[in-house]
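Below you'll find the structure, written out as structure tokens, and then a few comments.
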Amino acid sequence: MRVVMKFGGTSVKDGESILHVANLIKKFEDYEKVVVVSAMAGVTDSLIEAAKKCYKEPSSSFIKLFIAELTKKHYEAISTAVKDPQYQNKAFEVVDKLLDELEKVLMGIGYLGELTRRSEDYIVSFGERLVAPILSSAILSLGVDSVALTGGDAGIITDNNFGRAKPKPEVYNLINSRLDPLLRIKKTTPVITGFIGVTDDGSITTLGRGGSDLTATLIASALNADEVWLWKEVDGVLTTDPKIVPEARLIPEISYQEAMELSHFGAKILHPRAIEPVMRKEIPVRIKNTFNPDAEGTVIMKGADTTKDIVKALSLIEKVAIVNVSGAGFDFAEIMSDVFSRLAKEKVNVIMVAQSSSELNLSIVVDESDIEVAYSALKPLENGVVSVRKMKDIAVVSAVGAGMAGTPGVAGRIFSALGKNGINVIMISQSCSEYNVSFTVSKNEGKEAVRVLHREFELHKSPEEQA
Ligand SMILES: Nc1ncnc2c1ncn2[C@@H]1O[C@H](COP(=O)(O)OP(=O)(O)O)[C@@H](O)[C@H]1O
Ligand SMILES: N[C@@H](CC(=O)OP(=O)(O)O)C(=O)O
């Protein structure tokens, strides 16, 4: 059995957890395993903040303090998770070297007064680069052979769209040529930094927030793995985020298509691009709980969309905005093509689109972080007939489930439940696949909209018990 196992930030949040993860990996002694690991919980965010601070208000005392905190956190992790003194010392050395490098880079940002997306990716990559050697040393300490590698070492070559880099088509062959011999011949367990890749000319890139899931599925596809296991802090894919609805229920099986819809529309359980590499080869993805490993979890696989439930799950994205293009009396196809090529040129991530065509009214939902770029890209279209507006503080809610196709009245039920609860819907979108109905509301009504629909479709009950 060949398995790629990915451990997210919450699974390696401290030394105890890393030791627990190392023991978990050891249990699968007879398997060929590749381990992918994220930065310790909170570290990626703190690196982003530190980079911004060094750029805006450079301060060497802040940098010293920041490096001291990171050193403490990772030293504590090593002391607890790496029991063998030989591997412990090596891990301390690696961490020292990396943090020395990070300190110099942060100083450099301050001196130069320049923070590019390229340098931001380089800084952010330290989170994962610090953890992989620690987890690898913890595994070695337990007597399991292991080697720590970066995403670049493993063959994850990307374009240079820093912050949201795309793996190149040749990654599959490259990963296979680099990792397959480690598994088959060296019989070792590689521990690979999730989330990061490298450009052809050697610059470190990141694959977008939550991108370690994508690292795992790319590797699984390249190595023709039997399964991918994504270890998280929840029992699996639930009917919605348990932080919004605590009684959310576990979904034992879900199809690739449904998982893609859910993650595209914000369910933080999975990176939106993670399904594509495994779907082509029909490799099942299991979501499992690191801290409850015996629970069955959720399996994402082909043909798992035939269950009875109409709405299977609900998702929410809270940090979005809308750019609206409206007007009359022009060629509709022409202006659509102009709008989308302008957005594509600026690499704006379009989440959802709705349009009415009697006169043009095109509403485009984008990440909150992209709204100014999107607005500036479309503003030149204004000409007295066409107008461009932006709306901030928006949330997108999506109801996902293959059962919606062919069940009449689902959209009616959704909007009447929202109306009865006084929630104002700003924009609606439903694709022909009928796998999801998505709509936007104001940001402060997003969570309530999810709760209302969870109750309306009785998602806390099993599909057989639902009305
Ligand atoms: N539908 C959903 N099912 C399960 N978890 C969800 C869902 N939507 C959002 N989440 C959130 O996704 C998180 C995923 O777990 P986490 O361990 O943080 O993953 P990772 O560390 O890999 O990013 C959980 O904290 C949970 O609150
Ligand atoms: N550390 C990165 C990548 C990642 O995938 O993390 P996690 O597995 O903890 O979501 C991030 O925070 O975005």
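Just so you know, ligand 1 is whichever comes first in the structure, and atom 1 is the first atom listed for that ligand.
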query: Does any N or O atom in Glu233 lie less than 3.5 angstrom from one in ligand 1, N or O only?
result: yes
- prompt: Taking distance alone, with no angle check, do Leu238 and ligand 1 share an N/O pair under 3.5 Å?
  reply: yes
task: Just need the protein heavy atom nearest to atom 16 (P) of ligand 1, so name the residue and atom and give the distance.
output: Thr10 OG1, 3.6 Å
- prompt: What protein heavy atom sits nearest atom 5 (N) of ligand 1, and how far away is it?
  reply: Ile269 CD1, 3.5 Å
Side-chain donor-acceptor contact under 3.5 Å, [X] with [Y]:
| X | Y | result |
| --- | --- | --- |
| Asn224 | Tyr172 | no |
| Asp370 | Asn349 | no |
| Asp121 | Thr206 | yes |
| Arg117 | Asn161 | yes |
| Arg249 | Thr239 | no |
| Ser79 | Glu76 | no |

- line: Looking only at non-hydrogen atoms, the one of Asp241, Asn289, Thr239 nearest atom 7 (C) of ligand 1 is Asp241
statement: Closest to atom 14 (C) of ligand 1 (heavy atoms only, candidates Lys232, Lys13, Lys6) is Lys232
Using a 4.0 Å cutoff against the non-hydrogen atoms of [X], which atoms of ligand 1 qualify?
| X | value |
| --- | --- |
| Gly9 | 21 (O) |
| Val237 | 3 (N) |
| Lys243 | 24 (C), 25 (O), 27 (O) |
| Thr240 | 1 (N), 2 (C) |
| Lys268 | 8 (N), 9 (C), 12 (O) |

- prompt: Is the closest heavy atom of Gly236 to ligand 1 under 4.0 Å?
  reply: yes
- prompt: Would you say Ser38 contacts ligand 1, with heavy atoms under 4.0 Å as the rule?
  reply: no
field: Phe162 ring center within less than 6.0 Å of Tyr122 ring center
entry: no
task: Taking the six-membered ring for Trp and the single ring otherwise, decide whether the centroids of Phe291 and His20 are under 6.0 Å apart.
output: yes
message: Does Arg2 form a salt bridge (charged side-chain N to carboxylate O under 4.0 Å, His left out) with Asp180? I'd like the steps, not just the answer.
response: CA-CA 11 Å; Arg2 181 173 275 198; Asp180 188 69; 2.9 Å; yes
message: Check this for me: Glu296, atom CD, are more than 12 non-hydrogen atoms of other residues, nucleotides or ligands nearer than 6.0 Å?
response: no
task: Could you tell me whether Glu101 and Lys97 make a salt bridge, using a distance below 4.0 angstrom between a side-chain N and a carboxylate O?
output: no
- request: Look only at the side chain of Thr199 and the backbone of Ser203, and say whether a donor-acceptor pair between them is shorter than 3.5 Å.
  value: yes
Under 3.5 Å: N or O atoms of ligand 2 paired with protein N or O:
residue  : atom   : partner : partner atom : Å
ligand 2 : 1 (N)  : Thr44   : OG1          : 2.8
ligand 2 : 1 (N)  : Glu128  : OE2          : 2.7
ligand 2 : 5 (O)  : Gly210  : O            : 3.4
ligand 2 : 5 (O)  : Gly211  : N            : 3.3
ligand 2 : 5 (O)  : Ser212  : N            : 3.0
ligand 2 : 5 (O)  : Ser212  : OG           : 3.0
ligand 2 : 6 (O)  : Ser38   : OG           : 3.4
ligand 2 : 8 (O)  : Lys6    : NZ           : 2.7
ligand 2 : 8 (O)  : Ser38   : OG           : 2.7
ligand 2 : 9 (O)  : Gly9    : N            : 2.8
ligand 2 : 12 (O) : Thr44   : OG1          : 3.4
ligand 2 : 12 (O) : Arg209  : NH2          : 2.9
ligand 2 : 13 (O) : Arg209  : NE           : 2.7
ligand 2 : 13 (O) : Gly210  : N            : 2.8

